[in-house]
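To keep things clear, I will list the structure first and then write my remarks on it.
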Amino acid sequence: MLDIKFVRENIAEVERRLATRGGSLDLSNLKALDEKRRSLLTETEALKSKRNTVSEEIGKLKKEKKDASRLLSEMQDESARIKALDAEIGGCEKELNDLLLVLPNLPSPSVPVGKDETENPVTRVWGSVPEFGFTPLEHTEVGERLGILDFERAGKLSGARFSLQKGPGALLERALINFMLDLHTTKHGYTEVLPPFMVKSEAMLGTGQLPKFGDDLFKIEGWDHYLIPTAEVPVTNMHGGEILEEESLPLCYTAYTPCFRKEAGSYGKDVKGLIRQHQFNKVELVKFSHPDTSYDELEKLTNNAEEVLKELGLHYRVVTLCTGDMGFSSAKTYDIEVWLPGQGKFREISSCSNFEDFQARRANIRFRPRGGKPRFLHTLNGSGLAVGRTLVAILENFQQEDGSVVVPEALRKYMGGLEIIRKKS
RNA sequence: GGAGAGGUGGCCGAGCGGCUGAAGGCAGCUGCCUGCUAAGCAGUUGUAGGGAUAAAACUCUACCGGGGGUUCGAAUCCCCCCCUCUCCGCCA
């Protein structure tokens, strides 16, 4: 959520910067509501002030056993007016809030202006395209031939966009989760969190999924709860409403959770395989940062996610999302894209964002500067990494002509020393 | 799910419908004092939103789990909801 004060004082700039996200918007409605609210406030507060002093007087008169009926009847009317004004202010604030809640974050000035994903500049590349002496297969093919991926049975249970892994396929997923968590906790200094996988709507509001993107979420019938679409939601909202010590920043958390997404509107996209699922595993990185250092923290966080791919030996590139391709809550986002030989292209495997104080304001997460007033802090997060897509990358990059898959060195200790996944004969 | 107890400031803990943003204590900060430490004395310390200001100072309003109600006036009375704790039931 944007700061209404900032919007008020910089309305033209806000309009201009938001417009770079695409689409047009008009903040005149917001401006009018804000002005109305403030003038109503001035009016009602003056009345309340009067009521307070008169009420005190009435108290005195009564104590002295004097007649207060004139003041009493006068105040009856005033009170009714205050009540009506308060109701009007309430409505005004609700309307204003509703508008603010659906306004996206301002892109950071460092974000390239562009209309869509075709205008995302490549920021860096690591490794190189692996060469095969044969035509590499897509992961679905590799996995099904090995008997470790079973989409047919998953479909029987749950329909499209679900998967089932078996034997070394299930083990590989588990190994990846443990490997990533260990890397981030031991080497990068993050604290592991195992959060709830269901949260209240308040939490979804805090990180920006609600009210605008409810269609993408699975809601629990009869409850105010939703299945989380990412660990970002529970982990960021973990400190909702809190005032943290300045010295404790940055707080760095890593969390494994399954993620549940409806993928509404993606019909026909990635219908096959593990790329786009209603349920997938992810290890997430979340930071609560001092505003002064949040962009340094974004670089570090992105590097921490990249490290996973480096250790696994997977070729990838980092792109900076342009203004037109950024998510609703983000001020700046890097996507990490891994090379998939079976598809012959880079695919997103991580998205690392700085939300500045956008989520902190919604979720009311602050810190106390030494001796000063509480301030909103900055929140960041990134996938470190999407586990299913990492498994896809491994199957595609380390497949061999005979259909087997070499297990990356870094994962072997998590797989009982297994070096190669072969078809069970 | 059933029964009971409770939710007040950073913490503990008072609080007759008006003089309570809220006693008292602890913690914190600022002075003073003591050779050091400890103690002592005085003062001070919440959040949000308006107004004012270059920014402050200043000023107004609201806030005692949340929401409604009664009243000129509610932390205090009434109703609904939420949460925590204890006991019972159920369960991993």
Side-chain angles (χ1 to χ4, degrees), chain A residues 1-11 30-101 194-206 210 220-226 234 237-249 258 357-377:
Chain A
M1 188 155 64
L2 301 181
D3 179 6
I4 183 65
K5 267 192 228 160
F6 181 83
V7 176
R8 179 153 72 217
E9 284 157 21
N10 304 278
I11 194 113
L30 190 95
K31 198 177 165 203
L33 270 171
D34 177 51
E35 275 162 16
K36 184 178 167 201
R37 170 179 171 271
R38 281 185 300 149
S39 85
L40 285 172
L41 264 182
T42 311
E43 191 180 350
T44 186
E45 284 179 358
L47 287 174
K48 281 181 182 173
S49 179
K50 183 180 171 198
R51 182 183 68 184
N52 286 344
T53 54
V54 174
S55 287
E56 210 170 306
E57 237 171 280
I58 292 173
K60 271 186 207 147
L61 288 176
K62 289 212 162 174
K63 197 166 263 181
E64 295 165 13
K65 304 263 196 270
K66 288 184 183 161
D67 176 46
S69 56
R70 189 184 60 79
L71 288 175
L72 269 164
S73 67
E74 187 185 329
M75 280 302 105
Q76 259 169 15
D77 298 344
E78 294 280 315
S79 239
R81 242 182 103 205
I82 287 171
K83 206 170 188 175
L85 277 171
D86 270 346
E88 202 177 343
I89 289 168
C92 203
E93 280 179 345
K94 165 107 177 46
E95 225 178 307
L96 193 62
N97 205 251
D98 287 351
L99 279 180
L100 279 172
L101 281 174
L194 183 65
F197 303 158
M198 285 187 236
V199 297
K200 297 188 282 186
S201 56
E202 187 188 5
M204 292 291 185
L205 205 71
L210 289 178
I220 310 297
E221 195 182 334
W223 288 57
D224 180 43
H225 288 228
Y226 294 81
N237 283 287
M238 198 167 99
H239 290 301
E242 296 182 14
I243 300 173
L244 305 172
E245 291 304 319
E246 183 174 32
E247 296 73 35
S248 71
L249 302 179
D357 62 9
F358 188 83
Q359 294 180 327
R361 183 169 289 107
R362 287 173 164 249
N364 194 22
I365 312 169
R366 294 173 293 172
F367 72 98
R368 187 181 297 279
R370 276 175 299 275
K373 293 249 174 209
R375 282 178 66 189
F376 290 116
L377 46 72

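So that the names make sense, note that chain A is the first sequence line, chain B the second, and so on, each numbered from 1. Worth knowing before you read on, the calculation uses all heavy atoms, side chains too, and leaves out hydrogens, waters and symmetry mates.
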- Task: Report yes if a side-chain nitrogen or oxygen of R38(A) is closer than 4.0 Å to either non-bridging phosphate oxygen (OP1 or OP2) of G51(B); otherwise report no.
- Result: yes
- Item | Sugar-phosphate, base or nothing in reach of K60(A), heavy atoms under 4.0 Å | nothing
- Which residues satisfy the salt bridge (charged side-chain N to carboxylate O under 4.0 Å, His left out) test with D224(A), sequence neighbours excluded? none
- With rounding to whole Å, what would you report as the distance between A39(B) and A23(B) at their C1' atoms? 25 Å
- Distance, P atom - from A54(B) to G69(B), rounded to whole angstrom: 41 Å
Short N/O separations, protein against nucleotides 19-21 of chain B, under 3.5 angstrom:
residue: C19(B); atom: N3; partner: K63(A); partner atom: NZ; Å: 3.1
residue: C19(B); atom: N4; partner: K63(A); partner atom: NZ; Å: 2.9

- Query: So what does R70(A) touch, heavy atoms closer than 4.0 Å: a base, only the sugar-phosphate, or nothing?
  - Reply: nothing
- Note on the structure: A62(B) -> Watson-Crick or G-U wobble partner, both distances under 3.5 Å, gives U47(B)
- Message: What's R375(A) touching, base or sugar-phosphate or nothing? Going by heavy atoms closer than 4.0 Å.
- Response: nothing
- Message: My understanding is that a pair needs two contacts under 3.5 Å, Watson-Crick or G-U wobble. By that rule, which nucleotide pairs with A14(B)?
- Response: none
- Message: Counting only Watson-Crick pairs (N1-N3 plus N6-O4 or O6-N4) and G-U wobbles (N1-O2, O6-N3), all under 3.5 Å, who is the partner of A3(B)?
- Response: U86(B)
- Item | OP1 or OP2 of G50(B) under 4.0 Å from side-chain N/O of R8(A) | yes
- Is there a Watson-Crick or G-U wobble partner for C41(B) with both distances under 3.5 Å, and if so, which one is it? G31(B)
- Message: Could you work out, with side-chain hydrogen bond (donor to acceptor under 3.5 Å, both in side chains) as the rule, every residue matching R375(A), not counting sequence neighbours?
- Response: none
- Apply side-chain hydrogen bond (donor to acceptor under 3.5 Å, both in side chains) to S69(A) and list each qualifying residue two or more places apart in sequence or on a separate chain. D67(A)
- Message: Taking G13(B) as the reference, what is the distance to G24(B) when you measure between their C1' atoms (whole Å, please)?
- Response: 8 Å
- C12(B) to C19(B) separation - P atoms, rounded to the nearest Å: 26 Å
- Going 5' to 3' through nucleotides 60-70 of chain B, assign each nucleotide B (protein heavy atom under 4.0 Å from a base atom), S (under 4.0 Å only from sugar-phosphate atoms) or - (no protein heavy atom that close). BSS-------S
- Query: Tell me, which of residues 73-80 of chain A have any heavy atom that sits under 4.0 Å from an atom in RNA chain B?
  - Reply: M75(A), Q76(A), S79(A)
- Task: Take the protein atom CG of L244(A) and the nucleotide atom P of G10(B), then report the distance between them rounded to whole Å.
- Result: 15 Å
- Message: If I pick the P atom on C88(B) and the same atom on A14(B), what distance separates them, to the nearest angstrom?
- Response: 28 Å
- If you measure from the C1' atom in U47(B) to the same atom in G9(B), how many Å do you get, rounded? 10 Å
- Message: In whole Å, I'd like the distance from the CD atom of E57(A) to the C1' atom of G18(B).
- Response: 13 Å
- Query: What does L41(A) touch in the nucleic acid at a heavy-atom separation under 4.0 angstrom: a base, only the sugar-phosphate, or nothing?
  - Reply: sugar-phosphate
- Message: My understanding is that only residues two or more places apart in sequence, or in another chain, count here; which of them pass side-chain hydrogen bond (donor to acceptor under 3.5 Å, both in side chains) with R51(A)?
- Response: none
Could you give the side-chain donor-acceptor pairs of residues 76-87 of chain A under 3.5 Å, partners two or more places apart or in another chain?
residue: R81(A); atom: NH2; partner: E43(A); partner atom: OE2; Å: 3.3
residue: D86(A); atom: OD1; partner: K48(A); partner atom: NZ; Å: 3.3
residue: D86(A); atom: OD2; partner: K48(A); partner atom: NZ; Å: 3.3

- In Watson-Crick or G-U wobble terms, with both distances under 3.5 Å, the base opposite C91(B) is none
- Taking RNA chain B as the partner, which of residues 86-98 of chain A come within under 4.0 angstrom of it by heavy atom? none
- For A3(B) and G89(B), measure between their C1' atoms and round to the nearest Å. 11 Å
For nucleotides 83-85 of chain B, which of its nitrogen or oxygen atoms have a protein nitrogen or oxygen under 3.5 Å away, and what is each distance?
none

- Would you mind reporting whether F358(A) and L2(A) have side-chain heavy atoms less than 4.5 Å apart? yes
- Any-strand Watson-Crick or G-U partner of U70(B), both distances under 3.5 Å: none
- Atom P, compared across C64(B) and C58(B): separation rounded to whole Å: 25 Å
- With sequence neighbours left out, what residues match H239(A) under ring pair (Phe, Tyr, Trp, His ring centres under 6.0 Å)? Y253(A), F288(A)
- Rounded distance (Å) that lies between atom C1' of G49(B) and atom CG of L40(A): 14 Å
- Note on the structure: For A22(B), the nucleotide meeting Watson-Crick or G-U wobble distances (both under 3.5 Å) is none
- Query: Who pairs with E88(A) by side-chain hydrogen bond (donor to acceptor under 3.5 Å, both in side chains), at least two apart in sequence or on another chain?
  - Reply: none
